[in-house]
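Okay, so here's the structure we're looking at.
So that the names make sense, note that chain A is the first sequence line, chain B the second, and so on, each numbered from 1. Computed from a prediction, not measured in an experiment: that's the story for all the values here.
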Amino acid sequence: MSSRLLIAVLAALMGLAPMATLGQEKFPSKPITVLVPWSPGGSTDLTMRALAEPAAKALGQPVVVINKTGGGGFVANGELAKAAPDGYTYVVNASSTIVLAPHLRKPAWDPLKFTPVLSYGVYPFMLAVKTESPFKNFKELVEHIRGNPGKVKLSTSGPDAMENLAMFMLQDQAKLNVQLVPFEGGAPAVTAALGGHVDGFIGVGEAIPHVRGGKMRALVTFLGSRMAGFPDVPTLKEQGYDIVVESRLTVSGPPGVPDSAVKAVHDALRKAMEDENFRKIAKTFEVQESYLGPAEIQAFHERLSGQVRETLIKIGRLK
Amino acid sequence: MIDGLLEGFRVSLSWINLVHCFLGVTIGTFVGVLPGLGPAATIALLLPFTYRLDVTTAIIFLAGIYYGVSYGGTITSVLMKIPGEAATVVTCFDGHEMAKRGRAGPALGIAAFGSFIAGTLGVVGLMLLAPPLANLALLFGPVEYTALMLAGMTLVTYLTTNALAKALTMAVAGLVLGTVGLDPISGRERFTFGLEVLSDGINIGPLAMGLFGLSEVLVLAEQGVGRADRIRPPRGWRNLLPNRADWRRSGGPIARGSVLGFLIGVLPGGGAVMASFLSYAMERRLSRHPEQFGHGAIEGVAGPESANNAGTAGAFIPLLTLGLPANVITALLLGAFLIHGVTPGPQILQTHPGVFWGVVTSMYVGNVLLLILNVPLIGLFVRVLDMPKAYLSPAIAVACLVGVYTVGANAADVLVMVICGLAGYLLRRFDFDLGPLMLAYVLGPLLERSLRQALIIADGDPAIFLTRPVSALFVAVAILILLTGLWQGRRRVAVPAA
């Protein structure tokens, strides 16, 4: 505990440190903080921690990863919005905290104004059923849904997650009627699918060990291309639907970080993506290694944010 | 299986695994003692350090932290009325009362022995019953869960000596507290009054530390303790351990707590917290002298402490045999397995027998280590009580404040705890028991979520709770508990009248 406390105290002190030295010394001249908006131990936390070590070597300063949980990511993001744009504070976000939750909860900051630095991966994303399920492929499931509107139930990791939204997009485009059953996190949602309490699971990484172990069958992925570890699972696009939903892991700073600092951190993280340990962790959780630079991230999020907004209005969740 | 067991002990008793097991349970004990920081955060933070270890060693180490915590958590609950972690909140009810009566030693002793017995029974259960019980985890969906929570909820009035109206008021307060935050199905914010602080709901850490720890400080402050005032710590070796009468009273609770905790541990979402509360309520219900509960009844320590420990062993069943984590901590352990390239599941006994048996037998070893670690230290721990209350109170206050902050580095949690502390003080001044509030707070959100999930699954038809056999069974249990309660209530009223 004491080390965590120490880090927290250090972080607080760093926030108070005067900016007088900015621009006079070589960047970085003190440790860099990356806030993880979720609990330790998840794929976001573990991949970021794996990147921090090699990135610190490249930067010549420690990269301190702190889990600042709460408010579905809003506590960490609220802190980022208020942080000094000196290049020493960042948050690693999933796209949903940038393009989805803000539409619904109207925070005091605009997440599209954050300074994007680097995106290092895409969360896996699939619709899976248990092996004994009668649905051998996605087409069979869709036909069954068509014949039984409202009868097919799919578990998700919670309300207002990207996967729910993706499913709404699909329902809208394909004129399908499916019932989503939100659980508290992906693990119980997968358990419900394995126990036959729902017809299938739609979500991120939790089904992966069961698909690998042969207890579940992935029918389709919502990503733009097939997942590295599951080359046999088709994309929604290949199935004839014009839908791509990708949630990216993105490191951003507060609005207005100077370009020189962004470049230094970006280059260090880009180099860290080659690290063997990072690649192993990413592979374990099937986080798709995929790089985007600052400008591409901005374009990606602006486009996705618009799509999400449109869908939310369609389903009556937003006016 | 004998071969497996021998192979397992060969693995778990190798010096490197023994050292890591010892490290794990020691860290676990300390994490349990420190309020705020729970096993989940600790395991998550130490996870990256296990990448370089062999998979069996890594899991033995991390699992040691997990079951070690429930030993350590008792200590602050008993001595200072601060729950060291969520699963020992219940121990505050009677454990601290025992300490006030100079019986801190027996309280800690029975908790340690109860934990040891339950932990060991749990591992035996894990070994013998893993495959059949694994299906229990799959059997419980939202429908079955709703009925189980309903049965748990009917125990609420058994948590208190208060009049029914008072108990139900507190239960409703607990239910209301549990609804704050995001709606579990629609995701909309509710009862947050637009405050960012409340959008996550009210967490059990700040709530329990405020209601119990901080309110205790305020009660002590009101009493205006003198400089030399102190709780008498027990003197002499005999008074440090449970006596024969204590053992006689604790046997049943330990046995029942072990079985109950083990079964609840197997269920998805079930955990040590729920197991300990249900065990407490059950012991009160069964006790021949329920009026002693809340005033230092040793059954109220023995049962829940056994239940929370057996629960940890139970949670390993779905993890090891199905690859299904039943709670946050086993989800982290699953991550650890995966990073090391081992996928737990039905095949684990064939593909990695050394890992399976090594981890299982290490839990026997770990429980023995914990007993050796904890029992001799009782004499040392109770010395804390030797501190004059004038110094002990500020120490409790600081421990609560720092503990809550370390969990999420979130100042708002501290604020919530302080408010809960004031509320707890007022409630205690007006003689409201906090038990029903805590039970309703723990079970309420689970009941709501699974009820609404079940109704989505059933297309809105509530008959599903009676047509599914497991669910119908628990509904019957709930009705039975309510009916016998009514009958006893009438008898209790009738006696003074006669």
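Summarising the geometry of A44(B) relative to G41(A), their closest heavy-atom pair is CB-N, 3.7 Å, with the distance given to 0.1 Å.
Rounding to the nearest 0.5 angstrom, the gap separating the CZ atom in F337(B) from the OG1 atom in T284(A) is 14.0 Å. Distance check: E184(A) CD to L182(B) CG gives 10.5 Å after rounding to the nearest 0.5 Å.
Residue contact with chain A, scored on non-hydrogen atoms closer than 4.5 Å, is absent for I43(B). For Q179(A), the part lying under 4.5 angstrom from a heavy atom of chain B is the side chain only. Heavy-atom distances place the backbone of L180(A), and not its side chain, under 4.5 Å from chain B. Of the two parts of L194(A), the backbone and the side chain both hold a non-hydrogen atom closer than 4.5 Å to a non-hydrogen atom of chain B. Contacts between E189(B) and chain A at a heavy-atom distance below 4.5 Å involve the side chain alone, from C-beta outward. The contact between L47(B) and chain A is made entirely by side chain atoms (from C-beta outward), counting heavy-atom distances below 4.5 Å. In this structure, chain A has no heavy atom under 4.5 Å from any part of A454(B). Within the 4.5 angstrom heavy-atom criterion, no atom of N203(B) approaches chain A. D199(A) does not touch chain B: none of its heavy atoms, backbone or side chain, sits under 4.5 Å away. Proximity to chain A (any heavy atom under 4.5 Å) is restricted, for L332(B), to the side chain, taken from C-beta onward. Only the side chain of T343(B) comes within contact range of chain A, judged by heavy atoms closer than 4.5 Å. When heavy atoms are compared at a cutoff of 4.5 Å, L322(B) approaches chain A solely by way of its backbone atoms N, CA, C and O. In this structure, chain B has heavy atoms under 4.5 Å from both the backbone and the side chain of P209(A).
Between R188(B) and R317(A) there is a side-chain heavy-atom pair separated by less than 4.5 Å. Counting only heavy atoms from C-beta outward, the side chains of T191(A) and F140(B) never approach each other to under 4.5 Å. Using a 4.5 Å heavy-atom cutoff, the side chains of L338(B) and K283(A) are not in contact. Two residues are said to be in side-chain contact when any heavy atoms from C-beta on lie closer than 4.5 Å; E144(B) and H197(A) meet this criterion. Between F183(A) and P184(B), the closest side-chain pair of non-hydrogen atoms is not below 4.5 Å.
Without hydrogens or angle criteria, H210(A) side chain to L324(B) main chain gives no donor-acceptor distance under 3.5 Å.
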Trace of the side chain to side chain contact (heavy atoms under 4.5 Å, CB included) decision for K153(A) with D459(B): CA-CA 10 Å; K153(A) 277 92 187 181; D459(B) 295 318; 2.9 Å; yes

Pair I185(B)-V181(A), side chain to side chain contact (heavy atoms under 4.5 Å, CB included): steps then yes or no: CA-CA 8 Å; I185(B) 303 298; V181(A) 187; 5.9 Å; no

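The number of heavy-atom neighbours closer than 6.0 Å to CZ of F30(B), taken from other residues, nucleotides and ligands shown, is 12 or below. The number of heavy atoms from other shown groups lying within 6.0 Å of CD (E132(A)) is above 12. Heavy atoms from other residues, nucleotides or ligands lying under 6.0 Å from NZ of K280(A) number more than 12.
Ranked by heavy-atom pairs shorter than 4.5 Å toward chain B, the options R212(A), E53(A), K215(A), K151(A) are led by K151(A). Among V198(A), L46(A), L104(A), the residue with the largest count of heavy-atom pairs under 4.5 Å with chain B is L46(A).
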